[in-house]
Participant: 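Before anything else, here's the structure in question.
Nothing fancy with the numbering, it's 1 onward along the sequence. Computed from a predicted model, the values in this text were never measured in an experiment.
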Amino acid sequence: IQEKKQALKNGILSEIQVDPAFNSEHILEIHQMKKAGEEVTTLSGSNATVGIALLKFKDSDEAYSLIEKMDDLIKVIVK
C-alpha cells in the first residue's frame with residue numbers, strides 16, 4: 001500500500017516523525033520529496049507531496065485499522 005503524506009498547514013518543514021514500532025513492522029520504503037527547511041503547503045496537487053511511504057500489512061483488516069491512524073504514526077511537523 002502506498003501512503004502519500006502532506007502538510008496539514010502551510011509553513012516550513014521541520015521534520016517527518018515515524019513511530020519506531022510502525023517503522024520496523026510496516027514500512028518498506030520512504031521517499032521524502034521535501035527536505036527540512038523547505039516550504040510546504042497543504043495538499044493542492046501532487047506537487048505539494050512531502051513524501052511517500054510504501055507499506056506492508058498482514059491482511060486488509062490490519063491495513064484499514066492502521067491507515068485510520070496514519071496521521072499519528074507518520075507525522076509531518078511544520079513550523
Participant: Counting C-beta onward and ignoring hydrogens, is there a side-chain heavy-atom pair between Ile27 and Leu55 closer than 4.5 Å?
Facilitator: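 Side chain of Ile27 against side chain of Leu55, heavy atoms only: contact under 4.5 Å found.
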Participant: List the atom of Ser14, the atom of Ala36, and the distance in Å for their closest heavy-atom pair.
Facilitator: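 Shortest heavy-atom separation between Ser14 and Ala36 comes out as O-CB, 3.3 Å.
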Participant: So Val78 and Val50, do their side chains get closer than 4.5 Å, heavy atoms only?
Facilitator: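 They are not in contact (no side-chain heavy atoms under 4.5 Å apart), so the answer is no.
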Participant: How close do Gln32 and Lys34 get, counting heavy atoms only, and between which atoms?
Facilitator: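 Closest pair (atom of Gln32, atom of Lys34, distance): NE2-O, 2.8 Å.
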Participant: Which pair of non-hydrogen atoms, one from Val40 and one from Ala7, has the smallest distance, and what is that distance?
Facilitator: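 Residues Val40 and Ala7, closest heavy atoms: CG2-CB, 3.7 Å.
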Participant: Would you say the side chain of Asp19 lies within less than 4.5 Å of the side chain of Asp72, judging by non-hydrogen atoms?
Facilitator: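 In short, these two side chains do not touch, never coming nearer than 4.5 Å.
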Participant: What I'd like to find out is whether the side chain of Leu66 reaches to under 4.5 Å of the side chain of Glu25, using heavy atoms alone.
Facilitator: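 No. Closest side-chain heavy atoms not under 4.5 Å.
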Participant: To the nearest 0.5 Å, how far apart are CD in Glu39 and CG in Leu13?
Facilitator: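 Here the rounded value is 11.5 Å.
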Participant: Which heavy atom in Thr49 sits nearest to a heavy atom in Ile52, and how many Å separate them?
Facilitator: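 That would be CG2-CG1, 4.1 Å.
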Participant: Among residues at least two apart in sequence or on other chains, which ones pass side-chain hydrogen bond (donor to acceptor under 3.5 Å, both in side chains) with Gln17?
Facilitator: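 Counting only residues at least two positions away or on another chain, Gln17 forms a side-chain hydrogen bond (donor to acceptor under 3.5 Å, both in side chains) with Glu15.
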Participant: Measure the spacing between NE2 of His26 and CE of Met70 and express it to the nearest 0.5 Å.
Facilitator: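 Going from NE2 on His26 over to CE on Met70, the span is 9.0 Å.
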Participant: Are Ile77 and Ile12 connected in a single hydrophobic cluster, I mean Ile/Leu/Val/Met/Phe/Trp/Tyr linked by side-chain heavy atoms less than 4.5 Å apart?
Facilitator: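 Cluster IDs for Ile12 and Ile77 differ.
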Participant: Please determine which of Asp71, Leu73, Ile67 meets the side-chain contact (heavy atoms from CB on, under 4.5 Å) test together with Lys69.
Facilitator: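 Passing option: Leu73.
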Participant: Under the side chain to side chain contact (heavy atoms under 4.5 Å, CB included) rule, collect the residues that match up with Glu68, sequence neighbours excluded.
Facilitator: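 Result, side chain to side chain contact (heavy atoms under 4.5 Å, CB included) vs Glu68: none returned.
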